[in-house]
Amino acid sequence: MKTNFIIIALLIGLKLFAQSEIKVSDGLSIYQLSEHCYEHTQNHNNGLIFINNGEAVIVSTPDSDEETQNLIDWVRNEKQATIVAYVIDRWHPDAMQGLDIVQQNGIKNYACHLTRKIAIEKNLPVAEKSFRKKKTIKVGGEKVICHYLGQAHTPDGIVVYVPSEKVLFGGNEIRNYNGWVGNIGDANVNDWGETAQNVKKEYGEAKVVVPGHGKYGGAELLDYTIDLFSHIQTPSDAQKTLESKFKTDSVFSFPSETLISKDENGKQTLKNAVMVVQDVNKYVRIESPEIVFQPEKGRVDSKTGRITIFDKTASGEELRSDVNYNKLIIYKYDETIGFVVVLKEIIKEL
């Protein structure tokens with residue numbers, strides 16, 4: 001009877017952690033995941049906080065300077081902890097927009113060497129310290145492990161693990177269950193499944209897994225991500241050569257015959273269409289029964305079809321990935337990011 005009571009008490013404790021929300025500001029919330037770990041989230045963009053014996057490490061910045069400062073103030077003032085390290089997990093703005101604020105606060109900051117390389121190339125704020133594959137940071141006597149395990153959502157993304165809490169921050173390498181596939185504009189979807197397998201091999205013991213976006217869960221998120229990308233196939237060299245004919249200097253072009261209708265706002269509906277979207281960083285080819293194009297917004301929507309993404313290199317167009325999809329959105333983010341390519345679902349039957 002005593003044993004049953006202890007188990008019930010532990011379950012109640014876990015439930016309280018999962019339900020507790022701390023509102024730091026109108027846009028920034030914090031959830032306690034375990035005794036010493038917290039998730040910070042803004043606009044469904046997640047990060048991790050580990051506080052132990054008066055010291056703290058924060059992983060990923062909110063996507064604004066104001067909320068990054070609010071987060072730093074909360075750890076310092078509300079938790080009375082010294083922030084000994086700030087870890088940037090990837091180069092996208094929803095993970096490092098506030099890096100300049102971190103540096104203004106005099107906090108030691110780390111990133112994978114690939115993140116620093118991309119930041120330098122794109123004239124973004126650059127983390128002060130870097131590591132190649134793996135970095136262990138001591139926080140109040142406990143380890144925090146930062147680990148690069150392969151390309152996925154971006155070429156440089158890392159995961160961060162707290163062994164004493166069995167809490168894993170999967171970043172955008174790990175997807176939330178039944179959520180959107182997300183932005184694959186800078187992704188290597190061919191390697192993503194293998195990278196997720198590497199994460200599971202190293203940290204499959206995790207009890208709590210925090211994805212870069214959406215609801216946290218358990219180790220089942222690792223299996224979900226592995227399954228999501230395990231079926232991706234790379235087209236042959238013959239297909240690659242064929243696609244190269246669609247190279248164009250235009251941002252949007254239609255290298256096949258299409259039926260186009262326009263509404264009074266200029267929105268175009270293209271039937272049985274092939275569409276190319278290109279900027280400095282990306283070359284994307286979409287083939288779909290129907291594409292909706294809004295020229296003034298620079299936005300493309302499609303319910304179903306096939307997308308091929310190329311990464312432009314010094315030697316020409318190099319194929320990155322080729323997948324069937326349900327629900328696609330493409331829009332221009334800014335000059336640094338270029339076009340964002342967002343998918344709802346990847347279809348397995350290729």
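Here the side chains of P62 and Q97 are not in contact, with every heavy-atom distance at 4.5 Å or above. Considering only heavy atoms from C-beta on, R76 comes within 4.5 Å of I83 through its side chain. Side chains of V102 and T61 form a contact here, defined as non-hydrogen atoms less than 4.5 Å apart. Looking at heavy atoms from C-beta onward, N43 lies in side-chain contact with D63 at the 4.5 angstrom threshold. Inter-residue side-chain proximity for T269 and E290 is flagged as met; some heavy-atom pair is nearer than 4.5 Å. Between I330 and I286 there is a side-chain heavy-atom pair separated by less than 4.5 Å. Residues I58 and V87 form no side-chain contact, since every pair of their non-hydrogen atoms from C-beta on lies 4.5 Å or further apart. Between I88 and I158, every side-chain heavy-atom pair lies at or beyond the 4.5 Å cut-off.
Every residue was checked against the salt bridge (charged side-chain N to carboxylate O under 4.0 Å, His left out) condition with E220, not counting sequence neighbours, and none meets it.
Across every non-hydrogen atom of L168 and L222, the tightest pair is CD2-CD2, 4.0 Å. When every heavy atom of K122 is checked against every heavy atom of T336, the shortest pair comes out as NZ-O, 3.4 Å. The shortest non-hydrogen separation linking P211 to L221 is CD-CD1, 4.0 Å. Shortest non-hydrogen contact noted between G171 and D89 is CA-OD2, 4.1 Å.
Checking T41 against S29 by side-chain atom types alone, no donor-acceptor pair falls below 3.5 Å. Checking N45 against H213 by side-chain atom types alone, a donor-acceptor pair falls below 3.5 Å. In summary, the side chains of K166 and Y161 do not present any donor paired with an acceptor at a separation below 3.5 Å, with no hydrogens or angles considered. Q69 and N105 share a side-chain donor-acceptor pair at under 3.5 Å. Remark: the T154 side chain and the D186 side chain contain no N/O donor-acceptor pair separated by less than 3.5 Å. Judged purely by distance below 3.5 Å, without hydrogens or angles, the side chains of T195 and E173 never pair a donor atom with an acceptor atom. For the 3.5 Å distance criterion, the side chains of Y331 and Q294 fail to qualify, holding no donor opposite an acceptor.
Taking Ile, Leu, Val, Met, Phe, Trp and Tyr as hydrophobic and joining them when side-chain heavy atoms fall under 4.5 Å apart, one finds V126 in a cluster with I120.
Judged by distance alone, the side chain of T68 and the main-chain N or O of S64 form a donor-acceptor pair under 3.5 Å. Side-chain N or O atoms of R116 include one that pairs as donor or acceptor with a backbone N or O of A127 at under 3.5 Å. In terms of modelled atom types and a separation under 3.5 Å, the side chain of H40 and the main chain of S60 share a donor-acceptor contact. A donor-acceptor contact shorter than 3.5 Å links the side chain of Y224 to the backbone of N178. When atom types are taken as modelled, the side chain of N188 and the backbone of Q151 share no donor-acceptor pair closer than 3.5 angstrom. Remark: side-chain polar atoms of S288 are paired, donor with acceptor, to backbone N or O of T304 under 3.5 angstrom. At least one donor-acceptor pair closer than 3.5 Å links the side chain of H153 to the backbone N or O of N183. Counting only distance, with no hydrogens or angles, the side chain of N52 and the backbone of V139 share a donor-acceptor pair below 3.5 Å. When atom types are taken as modelled, the side chain of E35 and the backbone of E165 share no donor-acceptor pair closer than 3.5 angstrom. Judged purely by atom type and a 3.5 angstrom limit, K201 has no side-chain atom pairing as donor or acceptor with the backbone of G204.
Judged by the 6.0 Å distance and 45° axis criteria, K332 is positioned over the aromatic ring of F339.
Note on I184 and I226: separate hydrophobic clusters, where clusters join Ile, Leu, Val, Met, Phe, Trp and Tyr whose side-chain heavy atoms are under 4.5 Å apart, directly or indirectly. Residues V84 and F131 share a single hydrophobic cluster, defined by chaining ILVMFWY side chains whose heavy atoms lie under 4.5 Å apart. A continuous path of hydrophobic side-chain contacts links V284 to M275 [ILVMFWY only; heavy atoms under 4.5 Å].
In this pair, H147 and Y203 present their aromatic rings perpendicular. The plane angle is above 60°, beyond the 30 to 60° band.
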- Apply the test side-chain contact (heavy atoms from CB on, under 4.5 Å) to residues H113 and I118: give CA-CA distance (whole Å), side-chain angles for both, the deciding distance (0.1 Å), then the verdict. CA-CA 9 Å; H113 77 287; I118 294 171; over 6 Å; no
- Message: D301 vs L328, test: side-chain contact (heavy atoms from CB on, under 4.5 Å). Steps then yes/no.
- Response: CA-CA 6 Å; D301 291 80; L328 171 144; over 6 Å; no
- Does the salt bridge (Lys or Arg N to Asp or Glu O under 4.0 Å) test come out yes or no for E287 and R306, once each step is laid out? CA-CA 5 Å; E287 185 175 357; R306 188 173 184 85; 5.9 Å; no
- Query: Where do C146 and I137 land on the side-chain contact (heavy atoms from CB on, under 4.5 Å) test, with the steps shown first?
  - Reply: CA-CA 8 Å; C146 310; I137 301 171; 4.1 Å; yes
- Task: Check the pair Y325 / I346 against side-chain contact (heavy atoms from CB on, under 4.5 Å), numbers first and verdict last.
- Result: CA-CA 5 Å; Y325 63 83; I346 290 176; 5.7 Å; no
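Residue D26 qualifies as open at atom CG: its count of foreign heavy atoms under 6.0 Å is 12 or below.
In this structure, CH2 in W91 is found 9.0 Å from CE in M96, a value given to the nearest 0.5 Å.
In summary, E142 and K138 do not engage in a salt bridge, as defined by a charged side-chain N under 4.0 Å from a carboxylate O.
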